[in-house]
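Notes for the one structure printed next.
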Amino acid sequence: MLLGPPGAGKGTQARALATLWGIPQVSSGDLLRTVVREDSELGREAASYMDRGQLVPDDLVLKLIDERLRKKDAHKGFILDGFPRNVTQAEALASGLDRYNLKLDKVVAVIVPDEEIVKRISGRRTCAKCNAMYHVAFEPPKTPGVCDKCGGELYQREDDAEETVRERLKVYAGETRPLLDYYGQLGLLDQIDGVGRTDEVEKRILSAVNGVAKQ
Ligand code: AP5
């Protein structure tokens, strides 16, 4: 599980690790954005929270995660990215894993200071087709506005406006940061510095999971 504030690089790292280990990245944010794109009543409800930087209600998120984890590609393991976001979700995850006789191997919290986060998020561009991530300065695509991987169009997320990012940081501090204590007490947590090149951050994560990760 990758924990951390918005813009810490969870998605970037989860994607790299998913390729390395051959297991899926399960991102509650990506699952929610897919629902929002469908333009259903549920999608409009989710968007009304996301656009304000608030957490989407637990029941909707838990249903999406449950459906995703039942898919066959998740049976040999998965990387959780951005889920859980509060203690209620963490407890629901624990009982879900128990039910299937699974266990959480490791929780890595990626720590990045707020001002660096605002810089990162304001330059982020995301592929509308495959969700690949870029940064206009730190990790630009070869052709501006076009995904290197699939040729899809790159867009800026609605919730990446500076004011919304600051709200998301407040929500992280109030609701998600307590999970550091929660997983710390379970002996599952390692905190790593998320500042530096993406390959350096990846090495820190790999060394934190050393011994429990799939080789
Ligand atoms: P979600 O999609 O989960 O967003 P987030 O947690 O706010 O995280 P981000 O996706 O913004 O950042 P990230 O840590 O993945 O960083 P990234 O790799 O993109 O959630 C969005 C919304 O959905 C929430 O606000 C909420 O409303 C809702 N939601 C989601 N999950 C929920 C849940 N469980 N319960 C309730 N509501 C939920 O990197 C950021 C940028 O930095 C990129 O441009 C990247 O290229 C760049 N970058 C990455 N690493 C580095 C580096 N080392 N150096 C320089 N730049 C870097």
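Worth saying up front: this structure is predicted, and the values here are computed from it rather than measured. Numbering of ligands and ligand atoms starts at 1, following listing order.
- Residue-environment remark: CD (Gln156) exceeds the threshold of 12 foreign heavy atoms within 6.0 Å.
- If you take CZ on Arg68 and CG on Leu31, they are separated by 7.0 Å, rounding to the nearest 0.5 Å.
- Every atom of ligand 1 is numbered from 1 in the order shown, and the set under 4.0 Å from a heavy atom of Gly11 is 13 (P), 15 (O), 18 (O).
- Applying the ring-ring contact (aromatic ring centres under 6.0 Å, His included) criterion to Phe138, with sequence neighbours excluded, gives His135.
- Using modelled atom types, no side-chain atom of Thr164 and backbone atom of Gly53 make a donor-acceptor pair closer than 3.5 Å.
- With hydrogens and angles disregarded, a donor-acceptor distance shorter than 3.5 Å links the side chain of Arg120 to the backbone of Ala8.
- Among protein heavy atoms, the minimum distance from atom 35 (N) of ligand 1 is reached at Gln89 NE2, 2.9 Å.
- Note on Val61: it clusters hydrophobically with Val107, by side-chain heavy-atom contacts below 4.5 Å among ILVMFWY residues.
- Residue contacts with ligand 1: Ala8 is included, with a non-hydrogen atom under 4.0 Å away.
- Close approach of ligand 1 to Gly196 is summarised as follows: ligand atoms under 4.0 Å from at least one heavy atom of the residue are 52 (C), 53 (N), 54 (N).
- Residue Gly4 places no heavy atom under 4.0 Å from ligand 1.
- Close approach of ligand 1 to Arg33 (heavy-atom distance below 4.0 Å) involves ligand atoms 2 (O), 21 (C).
- At a 4.0 Å heavy-atom cut-off, ligand 1 does not touch Asp58 at all.
- The pair Arg168-Asp160 meets the salt-bridge criterion, with a side-chain N (NZ, NE, NH1 or NH2) lying under 4.0 Å from an Asp/Glu carboxylate O.
- The ligand atoms of ligand 1 that sit less than 4.0 angstrom from a heavy atom of Met133 are 17 (P), 18 (O), 19 (O).
- Looking at atom 8 (O) of ligand 1, its nearest protein heavy atom turns out to be Lys10 NZ, 3.2 Å.
- Nearest residue to atom 23 (O) of ligand 1 from Met50, Glu167, Glu200 is Met50 (criterion: closest heavy atom).
- Taken from CD1 in Ile79 to CE in Met1, the straight-line distance is 12.0 Å, to the nearest 0.5 Å.
- Residue contacts with ligand 1 include Gly7, since one or more of its heavy atoms lies under 4.0 Å from the ligand.
- Of all protein heavy atoms, the one closest to atom 20 (O) of ligand 1 is Arg85 NH2, 3.2 Å.
- Listed by number with element, the atoms of ligand 1 under 4.0 angstrom from any heavy atom of Gly82 are 31 (N), 34 (N).
- In terms of protein heavy atoms, atom 50 (N) of ligand 1 is closest to Thr198 CG2, 3.6 Å.
- Nearest to atom 55 (C) of ligand 1 among the protein's heavy atoms is Phe138 CD1, 3.5 Å.
- If you look at Leu32 next to ligand 1, the close heavy atoms, those under 4.0 Å, all belong to the side chain.
- Closest to atom 49 (C) of ligand 1, if we only count protein heavy atoms, is Thr12 OG1, 3.5 Å.
- The ligand atoms of ligand 1 that sit less than 4.0 angstrom from a heavy atom of Gly29 are 1 (P), 2 (O), 3 (O), 30 (C), 31 (N).
- For Asp66, the salt bridge (charged side-chain N to carboxylate O under 4.0 Å, His left out) partners at least two apart in sequence or on another chain are Arg70.
- Looking at Ile121 next to ligand 1, no N or O pair under 3.5 Å apart turns up.
- What you find for Pro6 and Ile117 is that their closest heavy atoms are O-CG2, 3.1 Å.
- Side chain of Lys10 to main chain of Pro5: a donor-acceptor pair is present (N/O by atom type, distance under 3.5 Å, no hydrogens or angles).
- Protein heavy atom in closest approach to atom 9 (P) of ligand 1: Arg124 NH1, 3.2 Å.
- When the options Tyr49, Phe83, Tyr134 are ranked by their closest heavy atom to atom 46 (O) of ligand 1, first place goes to Tyr134.
- For the pair Asp159 and ligand 1, the shortest N or O to N or O distance does not fall below 3.5 Å.
- For the atom pair CG of Asp59 and NZ of Lys63, the computed distance is 9.5 Å after rounding to the nearest 0.5 Å.
- Nearest non-hydrogen protein atom to atom 41 (C) of ligand 1 is Arg120 O, 3.8 Å.
- For Glu163, the CD atom sits in a loose shell: 12 or fewer heavy atoms of surrounding residues, nucleotides or ligands are nearer than 6.0 Å.
- Residue-environment remark: CD (Glu153) stays at or below the threshold of 12 foreign heavy atoms within 6.0 Å.
- Note that Arg85 lies outside the cation-pi zone of Phe83, set by a 6.0 Å cut-off to the ring centre and a 45° limit from the axis.
- Around the CD atom of Glu41, the shell of radius 6.0 Å holds no more than 12 heavy atoms that belong to other residues, nucleotides or ligands.
- When heavy-atom distances to ligand 1 are checked against a 4.0 Å cut-off, Val61 comes that close only through its side chain, counted from C-beta outward.
- In this comparison of His135, Arg125, Arg157, Arg168, the heavy atom closest to atom 21 (C) of ligand 1 sits on Arg157.
- Of all atoms in ligand 1, listed by their number and element, those nearer than 4.0 Å to a heavy atom of Gln54 are 26 (C), 27 (O).
- Heavy atoms of Gln13 found under 4.0 angstrom from ligand 1: none, in either backbone or side chain.
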